[in-house]
Amino acid sequence: MESRGSVKPFVHFNAKQDADLLKKAMKGIGTDEDTILMLLTSRSNDQRQEIKAAYKKSHGKDLVKELKSELGGKLEDLIVALMTPPASYDANELHKALKGAGTDDKVLIEILPSRTSEEINAIVKAYKKDHSGKLEKDIMGDTSGHYQQLLVILLQGDREEGVDEGQVERDAKDLFAAGEEKFGTDEDKFVNILGTRSFEHLRKVFDVYRTIAGCEIEESIKDECTGNLENLLLAAGQSGSIPDKENARGPEMKCARSIPGYFAECLRESMRRAGTDDETLIRIMVSRSEVDMLDIRAYFKKNYGCSLYSSIQEDTDGDYQKALLYLSGGND
């Protein structure tokens, strides 16, 4: 399947040549930020790891440390994120979210439901290696109730695959019985179905649910649940691709229909308020740049009437802005 990322592997790639260009950009008085930004945002993460190795071999220094000493602030955060392998980057972000004073639930809700089973398993390994701890244990220590239960289910990294046609209607009826039809809510049913079924399967369940309940699953989740559990269930119900135009239901589709739609909404939220949520902005732009940034851009434009590119232009400045715009892959 063709990648829907804005960043693709550079065709005429030469790790040693790139390492030498970066060395030159950081040599002497002043730093040539443009070269650093243009080069690193147009290489895939795998290629950046090769550049890191080539830099050490040719120049005997740690490239990331050198970049950190030359750059500062948000630009430094962004470049260091680009230089970190994806599983380690996610593990670092989760560690930060769990280890500070209080828990940054937004990070848990953003990362865990949106990664594939393979990615989740790689994150768990990276967390253990980089932070000498168990991610599940740290999550258990920081969360509680059905919210904790769903996080732990997602952390197992074993969502079912494919669609079980015989189970679709049963799941839709179970969700209806657990929520709209019942006084009080059977959260266990929501947690179990949304946490374990494949995205393709859930999409079919939600279509049947609409017929039975006369409303979207998102509306029911919002009626039946609150707080972190509500947000996590909405994120856990997302499914992979942009629907065709017949099925697209505009802004109200929100995140429970598609991962790119979910991230478009998160990006919009990160730039809407007085003061930008740069941590979220950097995390999504970096982690989705090789995955589905083109789809995120399409959702953004369709649902908010302006391009992601122009929103970044309005909300950021300087070299930090330039790097983000490169990662977005262009204007719509």
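These figures come from a predicted structure and were not determined experimentally.
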- request: Return the minimal non-hydrogen interatomic distance between A323 and T41, and the atom names on each side.
  value: O-CG2, 3.9 Å
- prompt: Are the charged groups of E279 and R283 less than 4.0 angstrom apart, N to O?
  reply: no
field: Verdict with reasoning, D138 to K99, per salt bridge (charged side-chain N to carboxylate O under 4.0 Å, His left out)
entry: CA-CA 8 Å; D138 289 348; K99 286 298 163 193; 3.7 Å; yes
- prompt: Considering only heavy atoms from C-beta outward, does the side chain of K56 approach that of K52 to under 4.5 Å?
  reply: no
task: Specify the closest pair of heavy atoms between F300 and C306, including all atoms of both residues, with the distance to one decimal.
output: CD2-O, 3.4 Å
- prompt: Considering residues, nucleotides and ligands other than M38, do more than 12 of their heavy atoms fall under 6.0 Å from its CE?
  reply: no
- request: Mind listing the closest non-hydrogen atom pair of Q321 and Q313 along with its distance?
  value: NE2-O, 3.0 Å
query: Given the rule in the salt bridge (charged side-chain N to carboxylate O under 4.0 Å, His left out) test, do D207 and R210 qualify, once you have shown the distances and angles that lead to the verdict?
result: CA-CA 5 Å; D207 286 341; R210 191 184 322 123; 2.8 Å; yes
message: One pair to check against side chain to side chain donor-acceptor pair (under 3.5 Å): Y320 and D278. What are the steps and the verdict?
response: CA-CA 10 Å; Y320 171 57; D278 292 292; 2.7 Å; yes
query: Is the CD atom of E269 crowded by more than 12 outside heavy atoms at less than 6.0 Å?
result: yes
- prompt: Can you find a heavy atom in the side chain of D104 that is under 4.5 Å from one in the side chain of K96?
  reply: no
field: pair E169-V205: side-chain heavy atoms closer than 4.5 Å
entry: no
- request: If you link ILVMFWY side chains whenever their heavy atoms are less than 4.5 Å apart, which other residues fall into the same cluster as V291? By chain and number, please.
  value: none
query: Would you call D295-R4 a salt bridge at under 4.0 Å N-O?
result: yes
Check: Y147/D105 side-chain N/O donor and acceptor closer than 3.5 Å: yes
query: Any side-chain heavy atom of I221 sitting closer than 4.5 Å to one from L229?
result: no
- request: Identify the two heavy atoms, one from L202 and one from I193, that lie closest to each other, and give their separation to 0.1 Å.
  value: CD2-O, 3.8 Å
message: For a quick test of reading the model, state the closest non-hydrogen atom pair linking S44 to E290 and the distance between them.
response: CB-OE1, 3.4 Å
- prompt: Can you find a side-chain donor-acceptor pair between E265 and N303 that sits under 3.5 Å?
  reply: no
- request: To the nearest 0.5 Å, tell me how far L324 CG sits from Y309 OH.
  value: 11.0 Å
message: For H131 and H95, take the angle between the two ring planes, folded into 0 to 90°, and tell me which bin it lands in: parallel under 30, tilted 30 to 60, perpendicular over 60.
response: parallel
- prompt: Do I217 and V208 share a hydrophobic cluster, counting only Ile, Leu, Val, Met, Phe, Trp and Tyr and linking them when any side-chain heavy atoms are less than 4.5 Å apart?
  reply: yes
query: So with a 6.0 Å cut-off around NZ of K23, is the heavy-atom count from everything else above 12?
result: yes
message: Could you walk me through whether D164 and H201 satisfy the side chain to side chain donor-acceptor pair (under 3.5 Å) test, starting with their C-alpha distance in whole Å, then the side-chain angles of each, then the deciding distance to 0.1 Å, before giving a yes or no?
response: CA-CA 7 Å; D164 179 349; H201 182 91; over 6 Å; no
- prompt: Hey, does V80 have a side-chain heavy atom less than 4.5 Å from the side chain of L71?
  reply: no
- prompt: Considering only heavy atoms from C-beta outward, does the side chain of L327 approach that of L82 to under 4.5 Å?
  reply: yes
- prompt: If you measure only the distance, is there a donor-acceptor pair under 3.5 Å linking the side chains of E66 and Y55?
  reply: yes
- request: Inspect the surroundings of CD in E118 and state if more than 12 heavy atoms from other residues, nucleotides or ligands are less than 6.0 Å away.
  value: no
- prompt: How long is the span from the CD1 atom in I139 to the CG atom in L112, to the nearest 0.5 Å?
  reply: 5.0 Å
task: Go through the steps for D90 and Y127 under the test side chain to side chain donor-acceptor pair (under 3.5 Å), then give the verdict.
output: CA-CA 9 Å; D90 280 346; Y127 194 93; over 6 Å; no
query: Hey, does L308 have a side-chain heavy atom less than 4.5 Å from the side chain of M293?
result: yes
message: Apply salt bridge (charged side-chain N to carboxylate O under 4.0 Å, His left out) to residues K106 and E110 and explain how you reach the verdict.
response: CA-CA 6 Å; K106 188 173 58 190; E110 178 198 305; over 6 Å; no
query: How far apart are the closest heavy atoms of S6 and S328, and which atoms are they?
result: CB-O, 3.7 Å
message: Are more than 12 heavy atoms, taken from residues, nucleotides or ligands other than K8, located less than 6.0 Å from that residue's NZ atom?
response: yes
message: Quick check: do T196 and D158 have side-chain heavy atoms less than 4.5 Å from each other?
response: no
- prompt: Taking only residues two or more places apart in sequence or in another chain, which ones pass side chain to side chain contact (heavy atoms under 4.5 Å, CB included) with D319?
  reply: E33, D34, L37, L75, K322
- prompt: Taking NZ, NE, NH1 and NH2 as the nitrogens, is one of them in D20 or K16 under 4.0 Å from a carboxylate oxygen of the other?
  reply: yes
query: Do S258 and Y299 have side-chain N/O donor and acceptor atoms under 3.5 Å apart?
result: yes
message: For the CG atom of L151 and the CD atom of Q149, what is their distance to the nearest 0.5 Å?
response: 10.5 Å
- request: Run the numbers on E50 and R43 for salt bridge (charged side-chain N to carboxylate O under 4.0 Å, His left out), then give the verdict.
  value: CA-CA 10 Å; E50 286 186 52; R43 305 296 186 268; over 6 Å; no
